[in-house]
Amino acid sequence: MASSREGFAGDRWAEIASGGGAPPHARVGVVYGRRRAGDANPRDIEISGSRGENRVSFAPSKRTSWNRSLSIRGRESILLAAGENFQHQPKPRGASKKPPRQGPRGKKPAPGPPDFRKEKAYFQEVDAFELLEESPSPKNFGTWAMGAKQDYVVHDLPAILERWKLSKLAYKCGSSHPLFKIAESPIVPSLKSSTCNGSTNFVDKTPERVTKSRIYSNITYKRSITSISTDNSLSGLANHKSIVDSFDTLNIKSEVAESGGSEGLEVLGKAVEGDELEGAIKKDHVVPYLPSFGDECLSAFAQLLMVCQQSSAVSLAEVFSTYCEPSSIVKIGEGTYGEAFRAGETVCKVVPIDGDSLVNGEVQKKSEEVLEEVLLSLTLNNLRNENGKTNCRNSCKGFIETKDFRVCKGSYDAGLIGAWEDWDAKHGSENDHPKEFSEEQCYIVFVLADGGRDLESFVLSDYNEAKSLLVQVSVSLAVAESACEFEHRDLHWGNILLARNEMDTMNFTIEGKRMSARTFGLTIAIIDFTLSRINTGEAILFLDLSADPGLFEGPKGDKQSETYRKMKEITEDYWEGSFRKTNVLWLIYLVDILLLKKSFKRTAKDERDLRSFKKRLSSYESAKDCLSDSFFSDLLFT
Ligand SMILES: Nc1ncnc2c1ncn2[C@@H]1O[C@H](COP(=O)(O)OP(=O)(O)OP(=O)(O)O)[C@@H](O)[C@H]1O
């Protein structure tokens with residue numbers, strides 16, 4: 001990073017950013033404060049009315065903040081056809097909510113040279129996992145890397161992604177009611193997994209229309225097999241027992257076995273394109289076999305265990321003892337899903353998963369969803385460029401560092417209960433008491449860096465710190481947007497952490513350009529990717545918020561609820577699409593929060609500047625565009 005500080009001139013930005021236009025009128029509404037227990041909450045009624053019947057719930061729920069929960073939830077994903085000419089174009093206004101099915105895509109591209117590295121890694125990991133199951137004695141299986149300050153576990157993101165993809169495809173093949181939606185287009189050779197291999201953070205853009213199909217018909221069924229057979233990244237799987245068994249039905253196993261490698265794949269490709277499969281499907285005798293392909297794929301829970309390099313779930317106490325003495329555990333925050341505890345130098349966010357009981361009035365997250373959040377976190381971790389790769393095109397440290405994940409089971413132990421009760425006595429928890437958890441309860445523990453205090457409770461000292469917050473959040477969103485079409489979609493003041501340190505700059509790289517932002521000794525960390533949308537280059541991970549109407553029913557005039565509603569307007573409820581403007585909406589929200597909810601030393605001119613910045617923000621289409629605003633001109637430099 002160049003040390004000289006030059007003003008960040010507009011024409012310099014022209015290389016990176018685009019944007020402008022007349023700022024529309026900014027609306028100012030009444031600010032809504034987080035409600036505490038006792039206030040009426042329409043969402044609670046909805047939850048207990050619509051979902052409570054079949055579920056055991058901790059009763060009565062103390063959770064009353066409508067805006068901290070999703071009444072209906074399900075993370076979704078779309079496997080992408082990489083290598084195609086992805087040109088994102090904004091969805092035309094007035095278009096139907098869900099795009100129509102895409103027509104035929106023409107000839108599939110000629111397969112490139114087979115690359116078996118991913119498969120090798122995958123099977124090595126499967127083998128390692130099986131070995132662990134046989135001999136589960138060692139406790140720490142992770143690969144530990146010594147960071148500058150702290151240890152962190154190195155996770156094999158490509159292998160995790162590959163396993164996840166495989167299970168998705170298997171699910172698609174094996175079920176008439178898939179939970180997830182998968183791109184209809186065949187998966188074409190994907191030798192580049194940019195966010196995954198770390199060499200570059202660029203991903204193929206979301207296609208104009210990512211066409212999805214639920215697998216209701218035999219025809220679609222055929223497509224799904226084509227997807228597998230034409231995907232180089234899965235080519236090695238042609239020898240996987242379950243797949244070969246499936247194709248045995250079609251009498252092509254021996255041909256594949258004989259040909260092997262890419263030739264074998266061609267045989268498979270021809271077979272699935274030809275009449276043989278069509279005939280098989282018509283005779284309906286493929287159907288019973290494909291579920292067995294699914295069965296052999298790892299369940300999401302098993303995949304989570306693999307990510308955590310565990311052979312089985314461990315107790316919470318065991319995980320926490322890795323980081324600190326039980327007596328030193330301190331609860332530092334809570335959300336709808338997670339309880340955050342400081343453990344030594346780390347923060348462990350404990351999220352109950354897979355159980356039938358409602359927790360804090362909410363359905364527990366499922367392993368599948370958590371697995372996708374894990375993928376999301378690891379993709380964002382890559383942006384940190386901890387290895388210091390010089391060819392990294394997009395990097396920044398504005399997203400919380402995820403150090404590890406652990407799968408746990410059992411009730412809360414005394415140390416954690418004590419920490420929880422201390423916090424409750426001081427702050428009044430909105431969550432259910434964790435003593436309710438049974439011995440059978442499972443959890444995922446996100447082991448995170450300590451990001452400091454959330455913006456809601458942090459006391460900003462002056463206008464410089466406010467500007468520092470805005471520039472760092474904008475930069476982080478801009479970098480992640482460029483790297484992986486990231487949209488946070490829930491950047492309220494509980495999801496931005498702040499801490500003071502000695503540093504006065506934040507270095508980052510955006511689209512290959514190395515830059516710095518002035519921080520005035522403040523660092524930010526963006527957390528909580530529950531609602532986030534990302535394009536990993538191989539898949540789009542997103543949460544279908546159209547399934548959660550309650551999220552958009554918050555109080556009129558409340559900045560946070562207005563922001564959800566504006567997001568809905570922009571996306572037209574097509575949440576899988578790329579709408580970078582949602583990041584801008586959260587920046588506008590942040591300026592409002594600074595103006596209306598935070599007090600810090602500022603002059604009348606500072607306030608005017610913030611207000612006119614807010615107005616200009618409305619005209620930008622992405623966080624990257626926002627960086628070109630004059631508000632940042634003395635905060636960004638090369
Ligand atoms: N890495 C961290 N460092 C410091 N504090 C943290 C960290 N992670 C979480 N917290 C604290 O815990 C709170 C809850 O965390 P988080 O928002 O991730 O939980 P959640 O259940 O996913 O929340 P939500 O209700 O928004 O979905 C945060 O607002 C923050 O105060």
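Note that ligands are numbered from 1 as they come in the structure, with each ligand's atoms numbered from 1 the same way. In what follows, residues are counted from 1 in the order of the sequence shown.
Atom numbering of ligand 1 starts at 1 in the shown order; those under 4.0 Å from a heavy atom of Asp450 are 3 (N), 4 (C). Atoms of ligand 1 lying under 4.0 Å from any heavy atom of Ile332, numbered from 1 in the order shown and given with element: 4 (C), 5 (N). Shown in contact with Tyr337 at under 4.0 Å from a heavy atom are these atoms of ligand 1, numbered in order with element: 21 (O), 27 (O). Each of the atoms 9 (C), 10 (N), 11 (C), 12 (O) of ligand 1 lies under 4.0 Å from some heavy atom of Ala340. Ligand 1 places these atoms under 4.0 Å from at least one heavy atom of Gly494: 28 (C), 29 (O). Below 4.0 Å from some heavy atom of Ile400 lie the following atoms of ligand 1, by number and element: 1 (N).
Side-chain contact check for Thr523 versus Thr519: every heavy-atom pair is 4.5 Å or farther apart. By the 4.5 Å heavy-atom criterion applied to side chains, His427 and Lys331 are not counted as neighbours. Put simply, the side chain of Lys409 does not reach to within 4.5 Å of the side chain of Tyr443, judged on heavy atoms. Contact check for Leu477 versus Phe486: side-chain heavy atoms found under the 4.5 Å cut-off.
In Leu497, the part holding a heavy atom less than 4.0 Å from any atom of ligand 1 is the side chain. When non-hydrogen atoms are compared, ligand 1 lies under 4.0 Å from the side chain of Lys349 (C-beta onward) but not from its backbone. Neither the backbone nor the side chain of Ala525 comes within contact range of ligand 1; no heavy atom lies under 4.0 Å.
Heavy-atom proximity to atom 13 (C) of ligand 1, evaluated over Glu334, Glu430, Lys331, is greatest for Glu334. Nearest-residue assignment for atom 1 (N) of ligand 1 (options Ala449, Gly335, Cys348; heavy-atom criterion): Ala449.
Neither side chain, Asn394 nor Thr509, offers a donor N or O lying under 3.5 Å from an acceptor on the other. With no hydrogens or angles considered, no side-chain donor-acceptor pair links Tyr337 and Asn360 at under 3.5 Å. There is no side-chain donor-acceptor pair under 3.5 Å between His492 and Glu456. For the residue pair Asp573 and Trp575, a side-chain donor N or O sits within less than 3.5 Å of a side-chain acceptor on the partner.
Using a 4.0 Å cut-off between a side-chain N of Lys or Arg and a carboxylate O of Asp or Glu, Glu562 and Lys559 do not qualify as a salt bridge. Under 4.0 Å is where a charged nitrogen must lie from a carboxylate oxygen, and between Glu386 and Arg384 at least one such pair does.
Below 3.5 Å of separation, one finds an N or O of Gly451 facing an N or O of ligand 1. Considering backbone and side-chain N/O atoms, Leu448 never comes within less than 3.5 Å of an N/O atom of ligand 1. Among the atoms of Gly338, some N or O lies under 3.5 angstrom from an N or O of ligand 1. Annotation: Asn495 places an N or O atom under 3.5 Å from an N or O atom of ligand 1; distance criterion only.
His492 counts as a contact of ligand 1, since one of its heavy atoms falls under 4.0 Å from the ligand.
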